[in-house]
Amino acid sequence: MHVRTRWPWISLVLSAALVLNPVGLDFLYSAFFAGEQLARNIARPIVLTALAIMAVVALLEWLVRSFIARRRARGAMS
């Protein structure tokens with residue numbers, strides 16, 4: 001595996017695929033734009049938890065990519 005960039009592009013693409021499918025868009029609509037308070041109260045914690053999990057996954061991918069890039073740079077110097 002050759003890491004060319006430190007951007008967490010894999011987790012960002014997967015997150016976009018989860019959010020931009022019909023079910024994800026329906027949850028987003030229910031969480032923030034629904035006419036009923038009950039629908040917003042049910043969907044909002046689900047959406048916010050999913051966003052937090054996606055952010056943690058992206059952060060972990062970035063850390064792993066940074067670690068690999070630093071390790072390869074250090075190994076190339078020796």
Taking only residues two or more places apart in sequence or in another chain, which ones pass side chain to side chain contact (heavy atoms under 4.5 Å, CB included) with Val13?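 Only Trp9 meet the side chain to side chain contact (heavy atoms under 4.5 Å, CB included) criterion with Val13.
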Validation: residues 49-60 side-chain donor-acceptor distances under 3.5 Å, sequence neighbours left out:
| unit_1 | atom_1 | unit_2 | atom_2 | d |
| --- | --- | --- | --- | --- |
| Thr49 | OG1 | Pro45 | O | 2.7 |

With side chains defined as the heavy atoms from C-beta onward, is the minimum distance between Leu25 and Tyr29 less than 4.5 Å?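 SC-SC contact between Leu25 and Tyr29 ruled out.
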Closest approach of Asn21 to Leu18 (non-hydrogen atoms, all atoms of both residues): ND2-O, 3.3 Å
Enumerate, atom names and distances included, each donor-acceptor pair closer than 3.5 Å involving a side-chain atom of residues 30-38, sequence neighbours excluded.
| unit_1 | atom_1 | unit_2 | atom_2 | d |
| --- | --- | --- | --- | --- |
| Ser30 | OG | Asp26 | O | 3.0 |
| Gln37 | OE1 | Arg40 | NH2 | 2.3 |
| Gln37 | NE2 | Asn41 | OD1 | 3.0 |

Connected via hydrophobic side-chain network under 4.5 Å: Leu12 and Leu20: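 No, Leu12 does not connect to Leu20 through the hydrophobic network.
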Ile46 with Leu48, same ILVMFWY side-chain cluster at under 4.5 Å: yes
Pairs involving residues 50-64, ordered by first then second residue, that meet side chain to side chain donor-acceptor pair (under 3.5 Å) (sequence neighbours left out):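 For residues 50-64, and leaving out neighbouring residues, the side chain to side chain donor-acceptor pair (under 3.5 Å) pairs sorted by first residue read Ser11-Glu61, Glu61-Arg65.
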